[in-house]
Enquirer: 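Before I ask anything, here is the structure I am working with.
Position 1 is the first residue of the sequence; numbering continues from there.
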Amino acid sequence: MTPLVEHPEAIEIERVETDRFYEYHLTVAGDDVGRVIGKRGHVASAIRTIVYSVRVNDSKRVRLVINDESKAPR
């Protein structure tokens, strides 16, 4: 099995709660962004399908934001 990313040590996930969403900010190395998004966005879509299937006990929704480490706020 081939790993999805070349730099797994650079993966970071941050949870941010807003009034409407539980946001998960996925940060990966700059050269791994294309791998995580995939051709025509298919990999990102599959990841989002899994993330969005999570049920929460209130009216908030779950959202996934994909960043690369070169553009992530510090």
Enquirer: Going by salt bridge (charged side-chain N to carboxylate O under 4.0 Å, His left out), name the residues that satisfy it together with E6, two or more places apart in sequence or in a different chain.
Expert: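 R35.
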Enquirer: Group every Ile, Leu, Val, Met, Phe, Trp and Tyr by side-chain heavy-atom contacts under 4.5 Å, then state whether V28 and I13 land in the same group.
Expert: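 Yes, V28 connects to I13 through the hydrophobic network.
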Enquirer: Who passes side-chain hydrogen bond (donor to acceptor under 3.5 Å, both in side chains) against E17, sequence neighbours left out?
Expert: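 K60.
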Enquirer: In residues 39-52, what donor-acceptor pairs under 3.5 Å come from side-chain atoms, sequence neighbours left out?
Expert:
residue, atom, partner, partner atom, Å
R48, NE, L64, O, 3.4
R48, NH2, L64, O, 3.3
T49, OG1, S45, O, 2.9

Enquirer: Establish whether L4 and I11 are linked, either directly or via other cluster members, by ILVMFWY side-chain heavy-atom contacts under 4.5 Å.
Expert: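 In one cluster: yes.
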Enquirer: Evaluate side chain to side chain contact (heavy atoms under 4.5 Å, CB included) for E14 paired with E12, printing each intermediate quantity in order.
Expert: CA-CA 7 Å; E14 178 186 4; E12 295 178 11; over 6 Å; no
Enquirer: Any chance CG of D58 has more than 12 other-residue heavy atoms, nucleotides or ligands included, within less than 6.0 Å?
Expert: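 Yes.
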Enquirer: Tell me the closest heavy-atom pair linking V33 and N67, and the distance in Å.
Expert: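 Smallest interatomic distance, heavy atoms only, reads CG2-O, 4.3 Å.
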Enquirer: Are Y22 and V65 connected in a single hydrophobic cluster, I mean Ile/Leu/Val/Met/Phe/Trp/Tyr linked by side-chain heavy atoms less than 4.5 Å apart?
Expert: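 In one cluster: no.
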